[in-house]
2 protein chains.
Amino acid sequence: MRVTIHDIAKLVGVSPSTVSRALSGKGRISPAMRERIRKVAEELGYQPNMLARGLATRSTCAVGVVIHERHLPLDERSFYGVILEAIEAEVSKHGYHVVFSTLRNHALPRCVRERRVDGLIFLGTDIKEELVRPISTELPVVLVDHCIPGLTSVVGDNVGGGRLATEHLLSHGHRNIAFVAETLEDPSFRARFDGYRQALEEHGLRVRKELIVEGGRRSDSDRIAMEKLLRKKKLPTAIFAANDFMAVGAIRALTKAGLRVPDDVAVVGFDDGALATLVHPPLTSVHVPRVEMGKSAAFCLLELLSSPKKVSQVIVLPTPLTIRESCGCRGV
Amino acid sequence: MRVTIHDIAKLVGVSPSTVSRALSGKGRISPAMRERIRKVAEELGYQPNMLARGLATRSTCAVGVVIHERHLPLDERSFYGVILEAIEAEVSKHGYHVVFSTLRNHALPRCVRERRVDGLIFLGTDIKEELVRPISTELPVVLVDHCIPGLTSVVGDNVGGGRLATEHLLSHGHRNIAFVAETLEDPSFRARFDGYRQALEEHGLRVRKELIVEGGRRSDSDRIAMEKLLRKKKLPTAIFAANDFMAVGAIRALTKAGLRVPDDVAVVGFDDGALATLVHPPLTSVHVPRVEMGKSAAFCLLELLSSPKKVSQVIVLPTPLTIRESCGCRGV
DNA sequence: CCTCCTTGCGCAACCGGTTGCTCACATTAT
DNA sequence: ATAATGTGAGCAACCGGTTGCGCAAGGAGG
């Protein structure tokens with residue numbers, strides 16, 4: 001059987017409570033005794049049982065990370081693996097563990113009700129308020145990629161990024177800029193679209209409906225969208241895609257159609273993930289700082305856990321433009 | 001405060017132990033009493049505290065999933081996000097949770113020693129035996145993508161897949177087939193190479209050293225490898241890449257060099273993930289059944305958890321070839 | 001020298017469940 | 001009618017920690 005504080009207590013000849021105090025550093029205890037107990041604990045290879053501690057202290061030293069099922073599968077197109085990893089990296093530094101869950105199978109409600117975690121981080125662009133609100137009354141909650149009033153959230157500057165990308169294309173003389181997305185119903189994509197619109201309007205241009213295409217929420221959304229776009233009588237000279245996946249699909253479709261990127265059509269994506277450098281030509285893309293988002297979310301949650309003052313905040317991280325070749329800026 | 005079995009006991013007028021037995025279904029109890037207690041528990045919205053239960057039963061209803069740091073970041077190039085998700089989907093059906101961890105920060109040893117999980121699944125092609133062996137004496141362990149004697153593991157048929165890919169290219173008349181990998185030190189890539197060699201030898205061909213290129217363990221490994229390959233005086237007519245990432249890099253490099261895929265050089269990848277359909281031309285690739293691997297690993301672990309008979313097994317999943325356009329089989 | 005305060009530690013309750021054992025009572029066999 | 005058997009439920013210990021409270025010893029101050 002593994003060693004417990006009772007074993008240590010017996011060996012040292014003190015009570016378990018003294019051992020507990022010696023190891024936790026709380027409560028009054030003589031330095032000499034503290035050292036003696038620490039040494040024995042060390043020798044015996046004592047490791048506290050977190051279940052017991054959690055039961056006594058009503059805390060678990062674990063945080064839940066929940067990914068919305070809409071953002072699954074967690075495959076090569078997924079945005080959230082990196083964030084999950086960044087969260088794990090950050091919280092593990094502080095002795096916390098990560099319980100990973102999706103929104104399927106009702107694993108989440110169980111996870112919360114069973115008091116398995118001290119707090120939760122939700123990943124997704126469209127977390128339902130009616131799901132999160134009741135949970136947030138029991139547990140600290142941080143949202144990534146979505147905002148709900150009164151809750152702490154960490155988001156990228158989607159509107160700003162949309163403007164940046166569009167302005168970049170405008171500054172190169174493009175006037176027919178298509179906007180390609182899976183769907184405008186998604187708040188993130190909608191925000192990127194808003195940025196696109198703002199940039200156009202500031203240049204005295206209007207959003208032209210025929211240049212907005214949606215591929216729908218499906219795995220071949222990129223193909224569908226580009227087919228729609230390529231069927232138009234007049235092609236745009238540039239495409240701003242709401243994410244890298246659609247941008248890559250655009251490049252593929254254009255290449256397949258015998259068009260050259262960026263010479264015939266310039267393409268700018270959004271996310272700036274690993275995909276951006278996997279395609280030819282390398283993709284110019286609005287950078288979403290995923291690692292920072294994860295770190296930041298973890299940091300916020302740990303802060304909420306340590307201090308009960310519930311000041312919710314919205315952290316907006318900047319989204320600069322990473323310029324590569326697909327926009328026609330740099331020579332190939 | 002949340003409702004406990006003591007609350008229920010008081011309300012019904014029985015002892016807590018009776019409530020426990022009524023809800024767990026274990027032990028002798030009259031059907032009438034069982035129903036009464038169940039109803040009250042239902043009405044009160046009772047949810048068991050897993051910490052307390054875990055403490056008493058010495059189980060946690062949680063499994064750990066550990067990803068080797070070599071396979072990080074968990075970005076668009078990562079193979080393991082899908083497997084993680086598949087594991088979660090499977091174990092959550094059986095009431096288990098997933099504690100996610102990497103091999104950094106020593107979160108894993110803590111996770112084990114603190115008795116946070118009932119079992120572990122390791123994800124990675126090169127998990128060190130000296131790390132896993134001691135853990136496996138305390139906890140059931142399942143390996144994915146790697147084998148260690150005496151331990152249960154789930155792997156894809158890398159050798160078979162390597163043969164399949166190579167034979168496919170051979171059957172189309174290719175005789176100069178390059179093998180491109182990040183490194184041959186990785187057991188998985190080595191196995192795929194072995195399949196490649198076997199296929200060549202069965203056709204009376206020998207492995208030619210100048211056709212084997214490694215890009216190293218780095219994020220631009222694909223670029224490095226292809227630069228090496230393209231510097232050769234004589235180019236191969238086909239490339240078998242040890243994974244999709246390298247295959248996509250090969251297509252990119254070839255396209256950039258003005259060569260056409262598959263007309264000038266055919267390319268076959270390995271993994272058959274989402275990347276395969278994101279590039280142009282769509283990639284012919286050996287399919288690695290990641291979802292099945294995850295499900296299978298989860299199943300094995302749950303089995304080990306339920307029955308203490310420690311029969312370790314190695315499950316090898318078939319890796320069929322998914323034919324698309326990059327190998328020149330199908331017209332574009 | 002006595003009082004008061006501080007210090008160091010143990011006692012025991014508690015967190016919320018599980019489970020072996022005991023015992024009263026009902027049922028059936030002898 | 002009595003003994004053997006079975007049934008339903010409670011008691012109390014236990015899992016492995018934490019923590020409020022009390023008490024004894026020692027030092028400081030009057």
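Quick caveat, the model's predicted, so the values are computed rather than measured. These numbers come from the heavy atoms of this one structure, side chains and all, not from hydrogens, waters or symmetry mates.
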Fill in: Counterpart residues, ring-ring contact (aromatic ring centres under 6.0 Å, His included), relative to Phe100(B) (two or more places apart)
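Applying ring-ring contact (aromatic ring centres under 6.0 Å, His included) to Phe100(B) gives none.
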Practice prompt. Mind checking ring-ring contact (aromatic ring centres under 6.0 Å, His included) for Phe189(B) and listing every partner two or more places apart, or none if nothing turns up?
Written response: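 ring-ring contact (aromatic ring centres under 6.0 Å, His included) list for Phe189(B), sorted by chain: empty.
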Discussion item. Tell me every residue that passes side-chain contact (heavy atoms from CB on, under 4.5 Å) with Ser312(A), counting only those two or more places apart in sequence or in another chain.
Written reply: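 For Ser312(A) the side-chain contact (heavy atoms from CB on, under 4.5 Å) partners, ignoring immediate neighbours, are Thr152(A).
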Going by the rule side-chain hydrogen bond (donor to acceptor under 3.5 Å, both in side chains), which residues pair with [X] if we only count those two or more places apart in sequence or in a different chain?
X         : answer
Asp75(B)  : Arg77(B)
Arg34(B)  : none
His68(A)  : none
Asp186(A) : Thr125(A)

Worksheet item: Does Glu129(A) have any salt bridge (charged side-chain N to carboxylate O under 4.0 Å, His left out) partners at least two apart in sequence or in another chain, and if so, which?
Response: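 Residues passing salt bridge (charged side-chain N to carboxylate O under 4.0 Å, His left out) with Glu129(A): Arg133(A).
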Worksheet item: When you match Tyr46(A) and Val14(B) each to their closest nucleotide on DNA chain D, which lands nearer the 5' end?
Response: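 So the residue in question is Val14(B).
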Discussion item. On DNA chain D, compare the nucleotides closest to Val19(B) and Leu55(B); which residue's is nearer the 5' end?
Written reply: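 Closer to the 5' end of DNA chain D: Val19(B).
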Discussion item. So that I can tick it off, tell me whether Arg290(B) and Glu76(A) are bridged by a salt bridge, with the cut-off set at under 4.0 angstrom between side-chain N and carboxylate O.
Written reply: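 Judged by the 4.0 Å cut-off on N to carboxylate O distance, Glu76(A) and Arg290(B) do form a salt bridge.
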Residue-phosphate contact under 4.0 Å: [X] side-chain N/O, [N] OP1/OP2:
X        : N       : value
Ser17(B) : dG10(D) : no
Thr4(B)  : dG16(C) : no
Ser20(B) : dT18(C) : yes
Ser15(B) : dG10(D) : yes
Arg53(B) : dG16(C) : no

Worksheet item: Pick one: which of Ser136(A), Cys300(A), Ser153(A) meets side chain to side chain contact (heavy atoms under 4.5 Å, CB included) with Leu143(A)?
Response: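 Exactly one candidate clears the test, Ser153(A).
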Worksheet item: From dG17(D), dC21(D), dT18(C), pick the nucleotide closest to the side chain of Pro48(A)?
Response: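 My answer, after comparing the listed nucleotides, is dG17(D).
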Report, one pair per line, the protein and nucleotides 24-29 of chain C atoms (nitrogen or oxygen only) whose separation is under 3.5 Å.
none

Over how many whole Å does the gap from [X] atom [atom1] to [N] atom [atom2] extend?
X        : N       : atom1 : atom2 : value
His6(B)  : dA12(D) : NE2   : C1'   : 12 Å
Ile8(A)  : dG10(C) : CD1   : P     : 14 Å
Ile5(B)  : dT18(C) : CD1   : C1'   : 8 Å
Leu23(A) : dT18(D) : CG    : P     : 8 Å
Asn49(B) : dG16(C) : CG    : C1'   : 6 Å
Gln47(A) : dC15(D) : CD    : P     : 19 Å
Arg21(B) : dG8(D)  : CZ    : P     : 12 Å
Leu51(A) : dG17(D) : CG    : P     : 10 Å

Discussion item. Show every side chain to side chain donor-acceptor pair (under 3.5 Å) that has at least one partner inside residues 18-33 of chain B, sequence neighbours left out.
Written reply: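 Counting only pairs at least two positions apart or across chains, the side chain to side chain donor-acceptor pair (under 3.5 Å) contacts touching residues 18-33 of chain B are Ser15(B)-Thr18(B).
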Worksheet item: For the helix from dC1(C)-dG30(D) to dT30(C)-dA1(D), what is the angle between the axes at its two ends, each from 5 pairs, rounded to 10°?
Response: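 Helix axis angle between the two ends: 50°.
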Practice prompt. Decide if atom CD of Glu185(A) counts as having more than 12 heavy atoms of other residues, nucleotides or ligands within a radius under 6.0 Å.
Written response: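 No, not enclosed.
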Worksheet item: In residues 25-39 of chain B, which ones come under 4.0 Å of DNA chain D, going by heavy atoms?
Response: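 Close to the strand are Arg28(B), Ile29(B), Ser30(B), Met33(B).
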